[in-house]
Engineer: 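Below you'll find the structure I mean.
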Amino acid sequence: MNLATVACEQMRVLRNVLPASFYDRPPQTVARELLGKLLVHDHQGSVTAGIIVETEAYLASNDPASHSYRGRTARNGSMFGPPGRAYVYILRGYHCVNVVTEGENMASAVLIRAVEPWTGIDVMHTRRCIADLTRLTSGPGKLCQALAITCEVLDGWDLTQGQRLWLSAPETAKPLGAIAVSGRIGVPRAGELPLRFYVRSSPFLSRGPHVRFP
DNA sequence: GTTCGGATTATCT
DNA sequence: GATAATCCGAACC
């Protein structure tokens, strides 16, 4: 397989865009099934992508940790939109990216917490200003910096069109490894609900592989 | 390897 | 003025 063939295969995988029906399900289901999918950003012609290895679900109701818990505000408006849109917001100076799930106005979402660098790794290093591969995208703020995901244009973005920002399913599914579940990170409220999903063996997680809900 | 404190900034009360 | 779905580095096993 020559270089051109490899590049072609990469583009084909990147282009296998997840449809709206994928997102139109409960956030726990989407969070679990997002593991192993690709998050892709085509920013000014330079494509970066990572394999999702860690997610967190935020529920439509009865979830005090969710940004939508106290109703709609200027910031969280995208959560109330249709499934398959992005919800991008800023926390302590860092961006975080979510996908909106379930039906419109349900305001549930899945936070993408960590990815494994897959395409455009050189660009990611430049944007993050660090050499260590395992700390390149191992956190919600870090991966947004590495993929140049910001809220100005991408908050509310339609992820199902395969333009700029989208998610795709690699068909050449390499074995994912065991999926583990734990409480959500940095959310002491609302008890320790088992809403964080991650690939147990991945070196690219935001935290060590603690399993609170084996 | 893990735990802690400080930096930091948009958002909401 | 308080809060927060974070990050980084120092300190300490």
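Side chains included, hydrogens not; waters and symmetry mates left out as well; all remaining heavy atoms used. Letters A, B, ... mirror the listed sequences (proteins, then strands); counts begin at 1.
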Engineer: What is the separation between atom CG on A:L205 and atom C1' on B:dT2, rounded to the nearest whole Å?
Structural biologist: 15 Å
Engineer: With heavy atoms under 4.0 Å as the rule, sort A:R92 into base, sugar-phosphate or nothing.
Structural biologist: base
Engineer: Roughly how many Å is it from NZ in A:K142 to P in B:dT8, rounded to a whole number?
Structural biologist: 18 Å
Engineer: Where the side chain of A:R75 is concerned, which of C:dA5, C:dG9, B:dC12 is the nearest nucleotide?
Structural biologist: B:dC12
Engineer: Examine A:R85 relative to A:Y87 and say whether NZ or CZ is less than 6.0 Å from the centre of the six-membered ring and inside a 45° cone about the ring axis.
Structural biologist: no
Engineer: Taking only the side-chain heavy atoms of A:A74 (C-beta and beyond), determine which of B:dC12, B:dA10, C:dA5 contains the nearest atom.
Structural biologist: B:dC12
Engineer: Pairing check on B:dT8: which nucleotide meets the Watson-Crick or G-U wobble criteria with it, both distances under 3.5 Å?
Structural biologist: none
Engineer: Let's see if you can work this out: which of B:dA10, C:dA5, B:dC12 has an atom nearest to the side-chain heavy atoms of A:T73?
Structural biologist: B:dC12
Engineer: Over how many whole Å does the gap from A:R70 atom CZ to B:dT13 atom P extend?
Structural biologist: 8 Å
Engineer: Under the criterion side chain to side chain donor-acceptor pair (under 3.5 Å), I'd like the reasoning laid out for A:R128 against A:Q145: C-alpha separation, chi angles, the key distance, then a yes or no.
Structural biologist: CA-CA 6 Å; A:R128 290 267 301 129; A:Q145 190 176 20; 2.8 Å; yes
Engineer: For residues A:L165 and A:V100: do they belong to one hydrophobic cluster (side chain heavy atoms under 4.5 Å, members Ile, Leu, Val, Met, Phe, Trp, Tyr)?
Structural biologist: no
Engineer: Carefully, step by step, assess A:V181 and A:R32 under the rule side-chain contact (heavy atoms from CB on, under 4.5 Å).
Structural biologist: CA-CA 9 Å; A:V181 186; A:R32 182 179 287 271; 3.7 Å; yes
Engineer: Within this structure, what is the OH-to-P distance between A:Y94 and B:dT9, rounded to whole angstrom?
Structural biologist: 9 Å
Engineer: With a cut-off of less than 4.0 Å, is there a side-chain N or O of A:R128 near OP1 or OP2 of C:dC8?
Structural biologist: yes
Engineer: Nearest-Å distance, CG (A:N98) to P (C:dT6)?
Structural biologist: 11 Å
Engineer: Given atom CD of A:E192 and atom C1' of C:dA5, what is their separation to the nearest angstrom?
Structural biologist: 14 Å
Engineer: Just do the side-chain contact (heavy atoms from CB on, under 4.5 Å) check on A:V97 and A:H41 with the steps written out, would you?
Structural biologist: CA-CA 12 Å; A:V97 61; A:H41 188 203; over 6 Å; no
Engineer: How long is the line joining OH of A:Y69 and P of C:dA4, in whole Å?
Structural biologist: 14 Å
Engineer: Can you measure A:Y89 atom OH to B:dT11 atom P for me and round it to whole angstrom units?
Structural biologist: 12 Å
